[in-house]
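See below for the structure under consideration.
In what follows, chains are A, B, ... by sequence order, proteins preceding strands, each numbered from 1.
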Amino acid sequence: MSHDTPPSTGTESTRHRHFIHDEIDADLAAGKHQGRVRTRFPPEPNGYLHLGHAKAICVDFGLAAEYGGQCNLRFDDTNPSKEEQEYVDAIQDDVRWLGFEWDGLFYASDFFEELYGYGEHLIRTGHAYVCDLTPDEVAAYRGRLDAPGRESPYRQRSPAESLDLFRRMRAGEFQDGARTLRAKIDMSSPNPNLRDPVLYRILRAHHHRTGDAWCIYPMYDFAHGQCDALEGITHSICTLEFEIHRPLYEWFLDHLPVPHRPRQIEFARLNVTYTVLSKRKLLELVKTQVVEGWDDPRMPTLRGMRRRGYTAAALRAFCDQIGVARFNSTVDKLVLENAVRDDLNKSAARALAVLRPLKVVIENYPADGLEWIDAVNNPEDPASGTRRLPFGRELWIEHDDYKDDAPKGWFRLSPGKEVRLRYAYCITCKEVRRDASGAPIELVCTYDPQSAHGKTSDGRKVKGIIHWVAASHAIEAPVRLYDHLFAAEFPEDVAEGVDWKANLNPKSLEVVAGAKLEPALRDARPGQHFQFERVGYFVADTRDSRPGAPVFNRTVTLKDTWAKLEKRA
RNA sequence: UACCCCGUGGUGUAAUCGGUAACACAACAGGUUUUGGUCCUGUUAUUUCUGGUUCGAGUCCAGACGGGGUAACCA
């Protein structure tokens, strides 16, 4: 479907300005960067991308597009003990699926040699030293949030000695963790990031790109800003938790012979009700098998949402709607759902599908009768044409469309009441056949032969319209009904000692086995989107569908005014 | 307890050099409709509080209150 792989035009994001535009405008007006804008999206390849990343991607790539600039994809791969090629590949796939193409593809590891050189430079200029303190000692010397730290006894080590030790660290002469390279800044700074932060640690781990070439790796802080400088990034956009790192980011730029001066700007990360957006927690859900994997349709990962039936266009529209600010907020999940509905309403082909079937027999319709009835594929898109639906004496209708006792305002089926079968005739319920427990199992109805094409034989109005499938031609397919992964609006809000997973929604997945679908659905292509009329948006599952045997995932329900009225009563 | 950031309707964001609160979603009321969908119309805020500067403050200043972040050889 075309809306799955739209081009990255950036035009969608131009509708809403935010504070980062102001900052960039000010820089440009001040004559910085020769008027050029270059951003970057810098994921660590240690997990799959989620909705929160989608926001960052839209901001990073969107800003570059709006200013006619460029955006790089850079993998922040400075910790080989956590990072894997599998994630690198998945992240690239996800970014492209979302609809963006990077200008430059980089890895922090591309710059390991330059970064090492920067390390030696700081030593030579007296701004860094090799420290022999153990991790515990480093922590103890750092002090607390409200108390200054103490200087390391190795702080006065001569540049010559530190240089020699740093080279030997690289040569592999010391054990993992035995020494670190530290910046010499200010152990009493109120900002803990400035208390002689570690620049390099000894770590013997196989790196997915550099293999075993290195046994020392730079820390995030020592790598990120310098990579930005080396790539010519003008505006380094990140989330609020890095705000306190900005003084260090700038300190490195001030003390190193970098070729360019980037600027870090932070914005608030995305929070959405009824879900969690943290790689750590998502990983925990996968590991504890609460979900079936990173691409479980209930996961807020890009892969999960894609499999659930969310479109890239919907996600981009969502990111555009939520805005960008520095205030920590939580977006109502309804906004997300509304974004898919809006996109799918325009593009998804309609189909008739009965999830919980109740048999209807039209007693005045010929036993061997069969008609093919025209139905529009999408009223919002005339170009999508029409199809034909088989109609016969025996039909399936939705169990929920019948009630023994019609409540006030109910205009579906009940004894003696008449409804229109969508695209077909009006029927009246004459008799209800029941099982031993009294539950209805079959409705005996009559139809008005003059009621095709919206008319009735005597001009009477029939308000209710229900969907149906001819029993003779119905196909069956498993249909998965997904709901919020968490039952609580704010899943992470738990009392002390309570596991946030206690807020999981036990009914986040219901598999419907006996659904009856119109025959054309047999040929649904994996990944194809549909609107099952009056029910919701569904997608043929890309993993479990087989030729001629689709499996459907519910993306989102349709808005249901009746359900709302019923709930209120 | 220290430092930093933030505080506009139910929710999320707007408001050019301070000029008289806008948009989206939700909710509610109504209209259209062979999907109780879509679409259309209408209703909903003295901008956390208190002072100050000003002809004029959501925008500037001060204080209070509230929320968030930060003490990994993680990113």
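- Remark: A:Lys455 is not in phosphate contact with B:U34, judged by side-chain N or O atoms under 4.0 Å from OP1 or OP2.
- Residue A:Gln321 places no side-chain atom within donor-acceptor reach of the base of B:U13, judged by atom type and a 3.5 Å distance cut-off alone.
- Between A:Phe391 and A:Trp468, the distance from one ring center to the other falls under 6.0 angstrom.
- When distances run from any side-chain atom of A:Phe327 to the nucleotides B:C6, B:G69, B:C39, the shortest one goes to B:C6.
- A:Asn328 comes within 4.0 angstrom of sugar-phosphate atoms only, judged by non-hydrogen atoms across all strands, and of no base.
- OP1 or OP2 of B:A26 sits under 4.0 Å from a side-chain N or O of A:Lys559.
- Judged by atom type and distance alone, A:Arg412 reaches the base of B:G36 through a side-chain donor-acceptor pair under 3.5 Å.
- At the phosphate of B:G36, OP1 or OP2 sits under 4.0 Å from a side-chain N or O atom of A:Arg534.
- The same atom, P, is picked in B:G10 and in B:C40; the two are 25 Å apart, to the nearest Å.
- At B:A75, one or more side-chain N or O atoms of A:Thr78 fall inside 4.0 Å of OP1 or OP2 (strictly under the cut-off).
- B:C23 and B:U41 are spaced 12 Å apart, taking the P atom of each and rounding to whole Å.
- Across B:G36, B:A14, B:A71, the shortest atom-to-atom separation from the side chain of A:His18 is found for B:A14.
- The side chain of A:Val335 lies closest to B:C25, out of B:C25, B:A75, B:A71.
- A:Tyr423 comes within 4.0 angstrom of a nucleotide base, judged by non-hydrogen atoms across all strands.
- In terms of polar N and O atoms assigned as donor or acceptor, the side chain of A:Arg350 comes within less than 3.5 Å of the base of B:U35 in a complementary pairing.
- With both ends at atom C1', the span from B:C25 to B:U48 equals 24 Å, rounded to whole Å.
- When the P atom is compared between B:U43 and B:C60, the two are found 31 Å apart, to the nearest whole Å.
- Atom CG of A:Asp405 is surrounded by 12 or fewer heavy atoms from other residues, nucleotides or ligands within 6.0 Å.
- Between A:Lys564 and B:A27 there is a side-chain polar atom (N or O) within less than 4.0 angstrom of OP1 or OP2.
- Within the 4.0 angstrom heavy-atom criterion, base atoms lie near A:Gly409.
- Comparing the C1' positions of B:U20 and B:G56 gives an interatomic distance of 8 Å, to the nearest angstrom.
- At whole-Å resolution of the value, NE2 in A:His467 and P in B:G36 are 9 Å apart.
- Rounded to whole Å, the distance from CG on A:Leu115 to P on B:A75 is 12 Å.
- Note on A:Thr273: nothing from the nucleic acid sits closer than 4.0 angstrom, heavy atoms only.
- The side chain of A:Ala325 sits closest to B:A14 out of B:C73, B:A14, B:C25.
- For an aromatic pair to be called close, the ring centres must be under 6.0 Å apart, and A:Phe242 with A:Tyr220 satisfies this.
- At a cut-off of 3.5 Å, with distance as the only test, a side-chain donor of A:Ser457 or A:Asp448 sits close to an acceptor on the other residue.
- Side-chain proximity of A:His245 to the nucleotides B:A75, B:C74, B:A2 is greatest for B:A75.
- The side chain of A:Glu243 lies closest to B:C5 when the candidates are B:C5, B:U70, B:U38.
- With ring centers used as reference points, A:Phe552 lies under 6.0 Å from A:Phe532.
- Counting only heavy atoms from C-beta on, A:Ile465 has its side chain closest to B:U35 among B:G68, B:U35, B:C25.
- With B:A75, B:C73, B:U1 as the choices, the nucleotide that has an atom nearest any side-chain atom of A:Asp146 turns out to be B:U1.
- A:Trp410 comes within 4.0 angstrom of a base, heavy atoms only.
- The nucleotide whose nearest atom lies closest to any side-chain atom of A:Trp562 is, among B:A26, B:G36, B:A27, B:G36.
- Look at the P atom in both B:G67 and B:G12: the space between them is 15 Å, to the nearest Å.
- A:Tyr107 and A:Phe75 have their aromatic ring centers within a separation under 6.0 angstrom.
- Listed pair A:Thr330 / B:G12 fails the phosphate criterion, with no side-chain N or O lying under 4.0 Å from OP1 or OP2.
- Looking at heavy-atom distances under 4.0 Å, A:Pro379 makes contact with a base.
- Contacts of A:Arg422 with the nucleic acid, taken as non-hydrogen atoms under 4.0 Å apart, include base atoms.
- Note on A:Arg201: a side-chain N or O is less than 4.0 Å away from OP1 or OP2 of B:A75.
- Look at the C1' atom in both B:G63 and B:G7: the space between them is 16 Å, to the nearest Å.
- Among the nucleotides B:U70, B:G37, B:C73, the one closest to the side chain of A:Ile244 is B:U70.
- Residue A:Leu133 is in base contact, counting any heavy-atom pair closer than 4.0 Å across all strands shown.
- Contact annotation for A:Ala452: base contact, defined as any heavy-atom pair under 4.0 Å involving a base atom.
- For the pair A:Lys333 and A:Tyr274, the cation-pi criterion (under 6.0 Å, within 45° of the ring axis) is not fulfilled.
- For B:G69, the base has no donor-acceptor partner in the side chain of A:Glu266 [N/O atoms by modelled type, under 3.5 angstrom].
- Backbone-only contact: A:Arg326 has heavy atoms under 4.0 Å from sugar-phosphate atoms and none from a base.
- The distance from atom NZ of A:Lys333 to atom C1' of B:G10 is 19 Å, rounded to the nearest whole Å.
- The ring of A:Phe252 has its center no closer than 6.0 angstrom to the ring center of A:Tyr118.
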